[in-house]
Structure formats: C-alpha cells, structure tokens
Amino acid sequence: MSHARADLAPDAALSRGEMEDLQREIADVALFEDDFSFDPSALSNPLEATASGAEPPIVVGIDQSFLTNDDGDQDRALSAVVAMRGGEVIERVHAVTPLEIPYIPGLLSFREGAPILAALEELSVDPDLLLFDGSGRIHFRQAGIATHMGVVRDVPSVGVAKSLLCGTPVEDTDGLPAGTTIGIESNARVDAPDGTLLGYAVQTRQYDSPNRYINPLYVSPGHRVGPETAADIVLELASSYKLPEPVRLADQYADEAKKSLGE
DNA sequence: GCGACAG
DNA sequence: ATCTTGTCGC
C-alpha cells in the first residue's frame with residue numbers, strides 16, 4: 001500500500017505564500033518516526049554476508065548540478081541518482097529539467113524538485129531509502145527537500161546538509177570526535193514548539209590532532225525516519241569520507257553527467 | 001528596521 | 001550551486 005502524494009509535488013508556478021502553505025501541509029503529512037521494514041544496520045553489509053537470503057536494502061543518493069546557457073546563465077538543473085545495495089552501485093540515472101525559479105532559502109524543493117522526481121522515474125529498482133543533499137525537518141516549516149520528496153513518493157528519506165539552515169545545537173559542535181552526535185532543536189525561526197528535536201549534527205570524520213576542525217553534517221528526518229535512526233544511517237554510510245557514500249557518489253555523478261552534456 | 005539564510 | 005591550482009599540514 002503506497003501513499004504516494006503526487007498532488008503535493010512542488011509547483012514552481014505557485015506564489016511564495018502558496019509554496020509555504022504547501023510546505024505546512026507536507027509537514028503535516030510527514031512522519032518523523034521510523035516506519036520501514038528493512039534493517040538499517042544492514043545498509044552497508046556486503047551481499048555475501050546476507051545469510052538468510054534476504055537482500056540488503058536499496059539506498060539511493062541524490063544530488064544536483066546546474067547547466068549553463070549559451071549566454072552563461074543557469075537555465076537547467078540536472079539531478080543525479082545513484083542506487084546502492086550492500087555497498088555497491090547497482091544503478092545510476094539522471095534527468096534534466098528547466099530551472100523555473102531562483103534559489104530562495106526555505107524553498108529549495110521548488111527549484112530542484114522537478115529534476116529529482118523525473119530522475120527517480122527513470123530508476124528501474126525500487127528504493128528503500130532516499131538520501132538528499134539538503135535538509136529534511138531542519139527547516140522553517142519542517143518541510144525541507146528531503147521531506148518534500150519523501151512525502152511525494154512515500155519513501156523513507158533523510159536530509160544531509162553541510163550547513164545549518166535553522167534550529168539550535170543543544171551543545172557546542174566544534175571539534176567533535178568522529179562518531180559524535182549533537183541534537184538540533186527548534187528555535188523561534190522554526191514553525192514548531194521550541195525545543196522540538198529536529199535532527200542531529202553528525203560528525204562522521206575528524207582530523208586527528210591539528211587545531212583545525214572538520215564541520216559536522218546536519219542530518220534530519222525526511223519522511224518515515226526518526227532523528228536517531230537518520231543519524232545512525234549517515235554514520236554507517238559515511239565509511240571513508242565525510243559524506244555518506246550514496247550522496248558522495250551522486251555528487252560525483254552530477255558533475256560527470258553535466259560535463260558529458262557539454263558543460 | 002535588523003539579522004539569518006539548505007543548494 | 002558555481003568560477004578553480006596549488007598548497008599547508010599530518
């Protein structure tokens with residue numbers, strides 16, 4: 001039983017106020033708790049290690065790049081999707097759609113949502129989990145791009161941002177040891193009761209000794225995933241680099257695909 | 001009016 | 001996001 005909500009897909013023709021209203025509706029439909037059947041701790045398990053014959057879940061990483069016009073203007077967005085299972089890439093697809101609106105903090109999904117949904121349509125495999133480059137519940141109206149896409153497709157999703165859009169860390173997040181997590185709570189800028197746990201600052205990697213720090217990632221539930229599980233998933237998937245592997249590879253692929261189209 | 005602001 | 005090589009530090 002899929003509860004996909006294509007009717008809530010981002011529409012760049014809406015007014016800014018209508019976009020914000022739609023986001024409040026999406027946040028209302030979204031589930032910020034675990035609601036999936038796969039085993040998150042099996043995400044990076046090698047296929048061979050699966051004893052009972054059950055295959056590891058399929059995780060998909062998604063990232064965008066932008067194509068430039070003959071005049072030098074960004075006129076199209078390219079969404080790259082990389083599907084992995086048991087630590088291996090099993091499929092890569094991408095889609096390009098025209099850019100309708102500029103970047104506006106808080107309305108990212110209305111700018112990048114179309115190519116993402118188009119690319120996901122191209123996928124032949126069925127994703128168990130979607131990983132986005134951007135926020136989920138850590139958002140002014142609790143409906144970042146990970147939440148929006150997750151609700152429209154009704155697939156568990158997680159937002160992985162490199163900087164904090166809003167909310168407040170409950171403790172200092174400077175120089176955290178790898179593996180550390182610090183809660184991010186709502187503040188006055190967020191459309192939620194103060195103190196609501198929106199997500200976590202997640203330190204996947206850290207330098208050994210110098211007086212220089214690696215910034216943490218800001219991980220938040222998209223849809224059908226709780227904040228703790230979202231953080232756990234990112235820690236497990238970020239084996240060799242700061243970013244979780246599916247997102248890192250989608251990042252790479254977004255650039256490759258872009259160049260193969262004539263920059 | 002001032003400050004904040006994912007990609 | 002994007003323009004971009006070398007370079008400082010472990």
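A quick note: this is a predicted structure, and the numbers were derived from the prediction, not measured. Per chain, numbering begins at 1; letters A, B, ... match sequence-line order.
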Nearest-Å distance for atom pair [atom1]/[atom2], residues [X] and [N]:
X	N	atom1	atom2	answer
A/Lys259	C/dT2	NZ	P	10 Å
A/Asp63	B/dA6	CG	C1'	12 Å
A/Leu78	C/dT2	CG	C1'	14 Å
A/Phe110	B/dA6	CZ	C1'	14 Å
A/Ile62	B/dA6	CD1	C1'	15 Å
A/Phe66	C/dA1	CZ	C1'	5 Å
A/Gln23	B/dC5	CD	C1'	14 Å
A/Gln74	B/dG7	CD	P	15 Å

Is a side-chain N or O of A/Asp71 found less than 3.5 angstrom from the main chain of A/Asp73, in a donor-acceptor match?
no

Quiz prompt | Backbone N/O of A/Phe66 and side chain of A/Lys258: donor-acceptor pair under 3.5 Å | solution = yes

Quick one, which residues of [range] touch DNA chain B with a heavy atom under 4.0 Å?
range	answer
residues 148-162 of chain A	A/Ala161, A/Lys162
residues 168-206 of chain A	A/Arg189
residues 218-237 of chain A	none

Next on the checklist: Evaluate A/Asp128 against A/Phe36 for side-chain contact (heavy atoms from CB on, under 4.5 Å), listing each step before the verdict.
Outcome noted: CA-CA 8 Å; A/Asp128 289 299; A/Phe36 50 81; over 6 Å; no

* Mind running salt bridge (Lys or Arg N to Asp or Glu O under 4.0 Å) on A/Glu122 and A/Arg92 for me, showing each step along the way? => CA-CA 9 Å; A/Glu122 299 299 304; A/Arg92 301 198 307 176; over 6 Å; no

Within the structure shown, what part of the strands sits under 4.0 Å from [X] by heavy-atom distance: base, sugar-phosphate, or nothing?
X	value
A/Ser135	base
A/Leu107	base
A/Ile138	nothing

Does any donor atom in the side chain of [X] or [Y] lie under 3.5 Å from an acceptor atom in the other side chain?
X	Y	value
A/Ser124	A/Glu91	yes
A/Gln74	A/Thr68	no
A/Thr180	A/Gln203	no
A/Thr229	A/Asp34	yes
A/Ser186	A/Asp194	no

Please check the phosphate of [N] (OP1 and OP2 only) for any side-chain N or O of [X] closer than 4.0 Å.
X	N	answer
A/Lys258	C/dT2	yes
A/Thr68	C/dT2	no
A/Tyr207	C/dG9	no

inquiry  = A side-chain contact here means heavy atoms from C-beta on lying under 4.5 Å apart; do A/Lys162 and A/Asn215 qualify?
reply    = no

Presence of salt bridge, A/Glu100 and A/Arg76, under 4.0 angstrom:
no

Q. Salt bridge or not for A/Arg224 and A/Asp154, using N-O below 4.0 Å?
A. yes

- Task: Give the intermediate values and the outcome of side-chain contact (heavy atoms from CB on, under 4.5 Å) for residues A/Leu249 and A/Gln252.
- Result: CA-CA 5 Å; A/Leu249 294 177; A/Gln252 273 189 178; 3.8 Å; yes

Those stems involving DNA chain C that have three or more consecutive Watson-Crick or G-U pairs, both distances under 3.5 Å, are none

Which of A/Val219, A/Leu198, A/Val225, A/Val190 passes side-chain contact (heavy atoms from CB on, under 4.5 Å) with A/Arg137? Answer is A/Leu198

Residue pairs passing the ring-ring contact (aromatic ring centres under 6.0 Å, His included) test with at least one member in residues 177-204 of chain A, sequence neighbours excluded, are none

### Query
Is the distance between the ring centroids of A/Phe110 and A/His148 under 6.0 Å?
yes

Are there any protein N/O atoms within less than 3.5 Å of an N/O atom in nucleotides 6-8 of chain C, and if so, which ones and at what distance?
none

Base of B/dG7 and ring of A/Tyr103 stacked, centres under 5.5 Å, planes under 30°: yes

| Do we get A/Arg248 above A/Tyr253's six-membered ring, with its NZ or CZ under 6.0 Å from the centre and within 45° of the axis? | no

